[in-house]
Amino acid sequence: MHGYNNQKDYMTNTALELARRGYVVLSIDMTGHGFSEGNVGAFSYGAVAGLNYLRSLAYVDKNNIGLVGMSMGGWAIQSAALAVPDGYKAMFYMDSYVLPPTLAPRLKNVAIQMAFADEFTPFWLQVPTGKDIPKSPVLKQIFNVTEDIIPGKVYGDISKGTARILYEPYIDHAASTDDPTSIGNVIEWFSMTLQGGKKIPRNDLIFPLKQLFTSLAFLSAMFFIFSFGGYLLETETFKELKGTPPEYKGFTGYSYWIAAFITTALPPLLFLPTFIEWGMNPMLLTIFTPQAPTNRYMAWQDTVALVTVVLLATFYYASLRKKGFTLQHTGLDLSLKTVAKSFLFAALTLLPLYITLTYCYALFRTPFTLAGLPEPVVLRPMSTIRFTFAFTYFLPFLFYYLVTGVLFAGFMRYKEGKASLTMELLINSLIVSLGSIIFLLYYYVPLYIGMPQTLSWTYVYGGVPLAMIYYIVVPVVSILTICILTYFYRKTGKVWPGVFIATMLIVWYHVAFAAFHIPMPP
């Protein structure tokens, strides 16, 4: 069972390595996730039904079943274990724990993995740093010991179902699903507690090869947007969109670098309050916008866009108006024909990509996944119900990318638009990502060296830990979208083509990915 706001795709690497070793593996989308109906947490996350289904298969050894759950998935398999106490033999909490700890005596052969740099350690285990995990009073209660726990040591008796073991890999929370040590720990625990299986060493892993090629697929898909979009601009239908950027009258000199500093600093500065508090506001969580994670990104990005508009208006009246700056200098062509044709252009640019992804997923159940980050960037097809919500989320995200497109096209062009395309792509990418990268380093470096967390916020709706996990993908997504905005502005002299492509792509990414917090049909 995968974690919150993930899908079964996240557990594919673990499933693959277990299957290689002769295990029958069932990996499912939790309720409200992926292609499953319902909402988050409904029907015991779907785990009880999953375990019962697995036990109904004739080729499954009903007395020899192991359960793996990552993060929230740990509580999912716990639900299944409590509901069907004779239906399994061993459990593995992957960066999760028994909740509440008083239930531990009712669970059989429990392995708990908690990463050294896990963001949730202070809140879940009640110790300040990863170095203190063996001292956790929560884990001591689960293990029924008073002394500090020794990682890797088996406590209790496997044959009696009382065994306990602690693993502490040197990773963070989100990285556990794609980490060789983490997956090796699952293999090791099941080899100790379950019968059968091929004796393939825990470090003999092939999933990194899969990661390599799914990452190549993701990168190829992104390059396709530029190449195919460029091709469409040469066709008779869309060649009138081609043009040159208007005269530049935006920020220059010190003003440009001040604007660049504000632009790179604003998103991280506004992130925690908007993402944690505003994004979960009940007013946003409606039948039209039922995905809490998508709402959180939406609230944050639109707040950044609103502040940006206010700042740009202030700078305009303070200085740019005197230079003769007008709306025409931003490339914001408001003619209905341009807007409509740009929308059609964007849709047709992305259509072959969506068809290809759908084909690959139907055949191989493999999305385009950029691996290598603790939290991978996953592009997967949408179910029918998810596709309908792409329309309701479109306008809020359009506002953000329209403001960003206008900002970089009209107000912030490197060397007044005289730099090469390559240099402009590099500089713009640096501006949108540098502040976010520094923000992530400020939070994660202390965790990895065993220090307390540097950021604090009320632990509500997952608090800082969940928010920072979600922020890991922000620099990558920001670089991708700014490259789209910059490239197509240079090609057309208009902001709309790039804005529509970026908006459609990001709405697709979020809506296909995020969990439902309001019950949804299949």
Side-chain angles (χ1 to χ4, degrees), residues 220-250 305 309 312 316 320 323-356 390-391 393-425 427-429 432 479-509:
S220 299
M222 297 305 104
F223 280 115
F224 174 84
I225 294 172
F226 298 94
S227 60
F228 190 65
Y231 164 76
L232 286 180
L233 288 174
E234 301 297 330
T235 63
E236 193 68 27
T237 304
F238 295 108
K239 67 178 183 181
E240 63 182 291
L241 287 178
K242 290 186 66 177
T244 56
E247 180 185 3
Y248 181 73
K249 289 186 175 290
V309 169
L312 290 179
Y316 168 74
L320 295 180
K323 295 171 59 176
F325 184 96
T326 66
L327 195 63
Q328 293 179 340
H329 295 105
T330 66
L332 188 61
D333 186 341
L334 296 177
S335 69
L336 182 60
K337 183 179 180 181
T338 298
V339 175
K341 183 152 284 192
S342 298
F343 183 89
L344 178 62
F345 165 76
L348 291 179
T349 298
L350 293 176
L351 182 60
L353 176 58
Y354 190 85
I355 292 173
T356 304
F391 295 94
Y393 281 109
F394 181 78
L395 288 178
F397 282 97
L398 177 66
F399 173 63
Y400 171 79
Y401 286 107
L402 183 59
V403 171
T404 304
V406 168
L407 169 66
F408 279 90
F411 292 85
M412 283 180 52
R413 295 203 62 193
Y414 181 60
K415 290 190 175 180
E416 302 179 35
K418 297 174 183 176
S420 66
L421 173 60
T422 301
M423 183 58 67
E424 190 169 7
L425 289 170
I427 293 297
N428 288 354
S429 296
V432 298
I479 290 172
L480 171 61
T481 51
I482 197 62
C483 286
I484 290 173
L485 295 173
T486 302
Y487 177 84
F488 286 102
Y489 180 67
R490 289 282 290 251
K491 286 285 186 180
T492 65
K494 306 171 184 64
V495 296
W496 289 111
V499 165
F500 279 134
I501 291 176
T503 303
M504 290 179 186
L505 180 65
I506 296 307
V507 169
W508 167 12
Y509 164 70

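Numbers for residues simply follow the sequence, beginning at 1.
Between Met412 and Asn428, the closest heavy-atom pair is O-OD1, 4.4 Å. Taking both residues in full, the closest heavy atoms of Val309 and Phe399 are given as CG2-CZ, 4.4 Å, listed atom of the first, atom of the second, then distance. Pairing each heavy atom of Pro246 with each of Gln328, the nearest pair is CG-O, 3.4 Å. Counting all heavy atoms, side chain and backbone alike, Ile479 lies closest to Ser429 at CG2-OG, 3.6 Å. Closest approach of Leu353 to Ala221, counting heavy atoms only: CD1-CB, 3.2 Å. Between Gly405 and Val499, the shortest heavy-atom distance links the atoms CA-CG2, 4.3 Å.
Separation of atoms CG (Leu320) and NE2 (His329) is listed at 11.0 Å; rounding is to 0.5 Å. A distance of 9.5 Å separates CZ of Phe391 from CZ of Phe394, quoted to the nearest 0.5 Å. Between the CG atom of Leu334 and the NZ atom of Lys494 there is a distance of 12.5 Å, given to the nearest 0.5 Å. Of the inter-residue distances, the one linking Phe345 atom CZ with Thr338 atom OG1 reads 13.0 Å to the nearest 0.5 angstrom. One finds the OG1 atom of Thr356 at 6.5 Å from the CZ atom of Phe224 (value rounded to the nearest 0.5 Å). Note: Phe408 CZ to Ile427 CD1 = 10.5 Å, rounded to the nearest 0.5 Å.
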Practice task
Start with the C-alpha distance between Phe238 and Leu348, add both sets of side-chain angles, then the distance that settles side chain to side chain contact (heavy atoms under 4.5 Å, CB included), and finish with yes or no.
Solution key: CA-CA 11 Å; Phe238 295 108; Leu348 291 179; 3.7 Å; yes
Practice task
Applying side chain to side chain contact (heavy atoms under 4.5 Å, CB included), run through Phe397 and Tyr400 and close with a yes or a no.
Solution key: CA-CA 5 Å; Phe397 282 97; Tyr400 171 79; 5.6 Å; no
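Within a 6.0 Å radius of NZ in Lys323, more than 12 heavy atoms belonging to other residues, nucleotides or ligands are found. No more than 12 heavy atoms of other residues, nucleotides or ligands shown are found within 6.0 angstrom of NZ on Lys491.
Between Phe223 and Phe226, the ring-plane angle classifies as tilted under the 30° and 60° cut-offs.
Using a 4.5 Å cut-off on side-chain heavy atoms (C-beta onward), Phe488 and Leu241 make no contact. Two residues are said to be in side-chain contact when any heavy atoms from C-beta on lie closer than 4.5 Å; Met222 and Leu505 meet this criterion. Side-chain atoms of Tyr489 and Arg413, non-hydrogen and from C-beta on, do get closer than 4.5 Å to each other. Side-chain contact between Ile225 and Tyr487 is absent, with no heavy-atom pair separated by less than 4.5 Å. Proximity of Lys341 to Trp496: side-chain heavy atoms (C-beta onward) are nowhere separated by under 4.5 Å. Considering only heavy atoms from C-beta on, Phe500 comes within 4.5 Å of Val339 through its side chain. You'll find the side chain of Tyr316 stays beyond 4.5 Å of the side chain of Leu312, heavy atoms only. Looking at heavy atoms from C-beta onward, Val495 lies out of side-chain contact with Thr330 at the 4.5 angstrom threshold.
In this structure, the side chain of Thr486 does not engage the main chain of Cys483 through any donor-acceptor pair within 3.5 Å. For the pair Lys415 (side chain) and Ser420 (backbone), a donor-acceptor distance under 3.5 Å is absent. The closest donor-acceptor contact from the side chain of Tyr248 to the backbone of Phe411 lies under 3.5 Å.
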